[in-house]
Amino acid sequence: MQVSVETIGTLGRRLKVAVPADQVEKEFNVRLQRLSKQVKMPGFRPGKVPLKMVEAQYGGRLMDEVAGELIQTTLYEAIGSQGLRPAGDPRIQRKPAVRGEQLEYTVEFEIFPEVKRFDLAGSRIERPVVTVSEEDVNRTLETIRKQRATWKPVEREARPGDRLNIDFVGRLNGKEFDGGKANGFQLTLGSGTLIEDMEQGLVGAKTGDMRHISARFPSDYRHSTLAGQTADFDVKVNEIAEAELPELNEDFARNLGVADGSLDKLRADIRANLDREAAGRTRAVVRARTLKLLLDANPIEVPQSLLDAEAQRLKNSDMASGMNANDDAAYGVRARSRVALGLILGEFIRNRGLTPEPARVRAKLEEMAADYESPQEFIQWHYEKPERLSEIEGLVMEEKVVEDLLVSADISDKPVSFQELLKIETVVQ
């Protein structure tokens, strides 16, 4: 077999492959002999039809089958002989197969980019350090009280924080649109449940009021047909109610699972939960910063086939959720960083020979299962199918990569408040 390779751009490769004529002839004769034992023709007993007659009738089809099978069996041998690793599916073109001649075909594909940096030597990573304060505990207690508020109808103008019961009809260019109509809708003003113009237009309303509100949907609104559009809403206010928060007493603590009703125990439990949340958030911040440095250290070109596939996957996901999916450029940007990071991590794992340790995978599953009502069912569900478990193995491998990278980086601690920690980005972009 003869193989030549041509470089197309940075990652593109074109291979020209020639399979020797004697190999083609051998495969053809094997198929011809096999078919001759099965074919039936008038005047001949089964299996006694002359080979020339079988070839005359079926030779073209047999040559196509031979060509297809030889391409399948020689393709990756040819690619491997050149030390190439294809990214995405190869595109194959072949010349017509002719008896007595070599089989020639061309295959084009992109290869994985070269990753050169597998450490973060000389890089600095700032790790946030948080001490949960009394203010954080108080803020969480207040949030819990609001979540358990009762509502008391009032006869006054609506204020932010009030809950309104409303009926509304929305029209776009004079016509009602899907999702633009509701009766008995419960809206807490300022919650962001409805678009901002709609909620602002109801501040100051009274029970029984009819309001006409012109509201513009954000340009990035999740429903693309409404994004950036201005709709007219007719809204009737059925009721206005204000929140009455429960008192901080023993009953409140018992309702939150503190058996003896101790407020001190409740506060201690909340602090412990906030400590766990802060620890998890800190790990996420360090992970994001570490992987971003690894990404920046390896400015690779991304195979177009992988980039297109990831952009389409992201777009399909958003469309399935009813979100605006018109900005192809934005999907390209998101896809590029995701694909690039995935390729770099894959090369890092291969370079270091990392493998997912079963004990660590189990520990990760148990950690995640703690948030579910039936932890054992959650764990068993993942072990039932390899593809489910592979997702957890991927998380473990990523953690190992980050650990390895942190060994070579310069880490410094920076005190931040809990609220500041929550605002730090944890997504690699």
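Numbers here are sequence positions counted from 1.
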Less than 4.5 Å apart, side chain to side chain, heavy atoms only: is that true for [X] and [Y]?
X: Arg352; Y: Val401; result: no
X: Arg313; Y: Arg338; result: yes
X: Met368; Y: His382; result: no
X: His223; Y: Asp178; result: no
X: Leu11; Y: Pro113; result: yes
X: Leu189; Y: Arg159; result: no

[atom2] on [Y] to [atom1] on [X], rounded to 0.5 Å:
X: Asp275; Y: Phe418; atom1: CG; atom2: CZ; value: 9.0 Å
X: Phe112; Y: Ile300; atom1: CZ; atom2: CD1; value: 10.0 Å
X: Phe217; Y: Ile195; atom1: CZ; atom2: CD1; value: 4.0 Å
X: Ile125; Y: Asp413; atom1: CD1; atom2: CG; value: 11.5 Å
X: Ile392; Y: Leu365; atom1: CD1; atom2: CG; value: 5.0 Å
X: Leu256; Y: Lys265; atom1: CG; atom2: NZ; value: 11.5 Å

[X] side chain to [Y] backbone, donor-acceptor under 3.5 Å:
X: Glu108; Y: Arg91; value: no
X: Arg388; Y: Trp381; value: yes
X: Thr188; Y: Arg163; value: no
X: Glu247; Y: Phe252; value: no
X: Glu176; Y: Val169; value: no
X: Arg14; Y: Ile8; value: no
X: Arg216; Y: Gly228; value: yes
X: Arg13; Y: Phe109; value: no
X: Ser317; Y: Leu314; value: no
X: Glu244; Y: Lys152; value: no

- [ ] Have a look at Asp234 and tell me which of Arg211, Arg171, Lys181 forms a salt bridge (Lys or Arg N to Asp or Glu O under 4.0 Å) with it.
- [x] Arg171

TODO: Identify the residue among Glu134, Glu135, Glu277 that makes a salt bridge (Lys or Arg N to Asp or Glu O under 4.0 Å) with Arg271.
DONE: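 Testing each of Glu134, Glu135, Glu277 against Arg271, the sole residue satisfying salt bridge (Lys or Arg N to Asp or Glu O under 4.0 Å) is Glu134.
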
Test: [X] and [Y] ion pair at under 4.0 Å:
X: Asp64; Y: Arg94; value: yes
X: Arg34; Y: Glu65; value: no
X: Asp264; Y: Arg267; value: no
X: Asp136; Y: Arg139; value: yes
X: Glu403; Y: Lys400; value: no

Whether over 12 other heavy atoms sit under 6.0 Å from [X] [atom1]:
X: Glu384; atom1: CD; value: yes
X: Gln2; atom1: CD; value: no
X: Glu387; atom1: CD; value: yes
X: Asp260; atom1: CG; value: yes
X: Met319; atom1: CE; value: no
X: Glu196; atom1: CD; value: no

Task: Residue pair Leu354, Asp404: steps toward the side chain to side chain contact (heavy atoms under 4.5 Å, CB included) verdict - done: CA-CA 10 Å; Leu354 302 179; Asp404 274 21; 4.0 Å; yes

TODO: Kindly indicate, with the supporting measurements, whether the criterion side chain to side chain donor-acceptor pair (under 3.5 Å) is fulfilled by Asn316 and Gln312.
DONE: CA-CA 6 Å; Asn316 290 343; Gln312 190 60 51; 2.8 Å; yes

Open item on the list: Testing the basics here: between Asp296 and Pro299, what is the closest heavy-atom pair and its distance to 0.1 Å?
Closed with: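 The pair with the smallest heavy-atom distance is O-CD, 3.8 Å.
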
Open item on the list: Please determine whether salt bridge (Lys or Arg N to Asp or Glu O under 4.0 Å) holds for the pair Glu347 and Arg350, giving the CA-CA distance in whole Å, both sets of side-chain angles, and the decisive distance to 0.1 Å.
Closed with: CA-CA 5 Å; Glu347 285 299 292; Arg350 197 165 69 92; 3.1 Å; yes

- [ ] Look at the aromatic rings of Tyr372 and Phe378 and report parallel, tilted or perpendicular, splitting at 30° and 60°.
- [x] parallel

Task: side chain to side chain contact (heavy atoms under 4.5 Å, CB included) between Ile213 and Phe168, worked out - done: CA-CA 10 Å; Ile213 301 171; Phe168 64 86; over 6 Å; no

- [ ] Using the salt bridge (Lys or Arg N to Asp or Glu O under 4.0 Å) rule, take Glu398 and Arg287 through it: C-alpha gap first, then chi angles, then the decisive distance, then the call.
- [x] CA-CA 9 Å; Glu398 188 179 280; Arg287 166 198 169 276; 2.4 Å; yes

Task: CA sep, side-chain torsions, deciding dist, call: Tyr76, Ile79, side chain to side chain contact (heavy atoms under 4.5 Å, CB included) - done: CA-CA 5 Å; Tyr76 285 98; Ile79 292 173; 4.1 Å; yes

TODO: For Arg289 and Ile424, run side chain to side chain contact (heavy atoms under 4.5 Å, CB included): C-alpha distance rounded to whole Å, both residues' side-chain angles, the deciding distance at 0.1 Å, then the answer.
DONE: CA-CA 10 Å; Arg289 289 175 173 175; Ile424 300 177; 3.6 Å; yes

Task: Option passing side chain to side chain contact (heavy atoms under 4.5 Å, CB included) with Val66 (candidates Arg61, Gln23, Glu27) - done: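 When side chain to side chain contact (heavy atoms under 4.5 Å, CB included) is applied between Val66 and each of Arg61, Gln23, Glu27, only Glu27 qualifies.
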
